[in-house]
Structures are given as structure tokens and as C-alpha cells.
Amino acid sequence: GSENYGGPVVTASGLLFIGATIFDRKIRAFDSRTGALLWQHLLPYSGTATPITYMAGGKQYVVIATSGSRNPKGPQGSAYVAFALP
């Protein structure tokens with residue numbers, strides 16, 4: 001378990017994204033129907049918000065705010081991190 005600062009977002013196709021874990025700094029995608037882990041990526045800082053998803057130019061994106069403020073032993077800084085969905 002880990003502190004959690006944010007919730008999940010689910011796409012129309014059933015991908016569930018969550019990245020609000022403080023100590024492992026990962027964002028993950030799950031199949032909302034089966035619960036299977038489909039993808040994960042190490043973030044530069046801890047995810048501290050609910051991810052958002054949006055469409056631009058015919059592509060779908062997922063963005064999350066990250067920050068080191070909640071984990072004084074981890075890397076310090078902040079960034080928005082965006083991923084394009086295939």
C-alpha cells in the first residue's frame with residue numbers, strides 16, 4: 001500500500017489509468033473489465049493527481065501532474081507528463 005493523491009480515469013475503450021502512488025512513481029493502465037495490468041511507466045516524480053485524457057489532432061492523450069513534494073526522500077521537482085495513446 002501507498003498514500004494515494006488522486007483517482008483513476010477510464011477511457012471510452014475501457015482503459016483505466018492511475019498514477020497517484022507516492023513511493024513507486026509509476027503510472028499504470030489496466031483493463032477495466034478484467035483488472036489486468038496492461039502498461040506501466042516510471043514517472044520523474046510522484047503522481048499527485050488524477051490523470052486526464054483528451055483528444056487533439058485525431059490522437060488521444062493522457063496527462064498527469066507529478067511532484068516530489070509528498071515524498072521528501074524521492075527526487076524533487078514537478079512536471080506534467082503526457083502520453084499519446086496508440
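As a basis for the values below, the full set of heavy atoms in this structure was taken, side chains included, without hydrogen atoms, waters or symmetry mates.
- Listed here is the closest heavy atom pair of Ala20 and Ala49: CB-O, 4.1 Å.
- The minimum heavy-atom distance linking Lys26 with Leu43 is given by the pair C-CD1, 4.1 Å.
- Under the 3.5 Å distance criterion, the side-chain polar atoms of Gln76 are left unmatched by any main-chain donor or acceptor of Ser67.
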Taking only distance into account, with no hydrogens and no angle test, what donor-acceptor pairs under 3.5 Å do side-chain atoms of residues 30-42 form with protein atoms, sequence neighbours excluded?
{"from": "Asp31", "atom 1": "OD1", "to": "Arg33", "atom 2": "N", "distance (Å)": "2.7"}
{"from": "Asp31", "atom 1": "OD1", "to": "Thr34", "atom 2": "N", "distance (Å)": "3.2"}
{"from": "Ser32", "atom 1": "OG", "to": "Gly14", "atom 2": "O", "distance (Å)": "2.8"}
{"from": "Arg33", "atom 1": "NH2", "to": "Ser13", "atom 2": "O", "distance (Å)": "3.1"}
{"from": "Thr34", "atom 1": "OG1", "to": "Ala36", "atom 2": "N", "distance (Å)": "3.2"}
{"from": "Gln40", "atom 1": "OE1", "to": "Arg28", "atom 2": "NE", "distance (Å)": "3.2"}

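- Closest approach of Gly7 to Thr50, counting heavy atoms only: N-OG1, 2.7 Å.
- Residues Thr11 and Gln60 bring no donor and acceptor atom of their side chains to less than 3.5 Å of each other.
- Thr66 places a side-chain N or O within 3.5 Å of a backbone atom of Ala79 that can act as its donor or acceptor partner.
- No side-chain heavy atom of Tyr45 sits under 4.5 Å from any side-chain heavy atom of Arg25.
- Residues Val63 and Ala82 approach most closely at CG2-CB, 3.7 Å, considering heavy atoms.
- Using a 4.5 Å cut-off between side-chain heavy atoms of Ile, Leu, Val, Met, Phe, Trp and Tyr, with links allowed through other members, Tyr61 and Phe17 fall into different hydrophobic clusters.
- Between Val81 and Pro44, the closest side-chain pair of non-hydrogen atoms falls below 4.5 Å.
- Between Val62 and Leu85, the closest side-chain pair of non-hydrogen atoms falls below 4.5 Å.
- Hydrophobic clustering places Val9 together with Phe83 (ILVMFWY residues linked when any side-chain heavy atoms are closer than 4.5 Å, directly or through intermediates).
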Taking it one step at a time, do Tyr80 and Ile64 satisfy side chain to side chain contact (heavy atoms under 4.5 Å, CB included)? CA-CA 6 Å; Tyr80 289 103; Ile64 187 164; over 6 Å; no
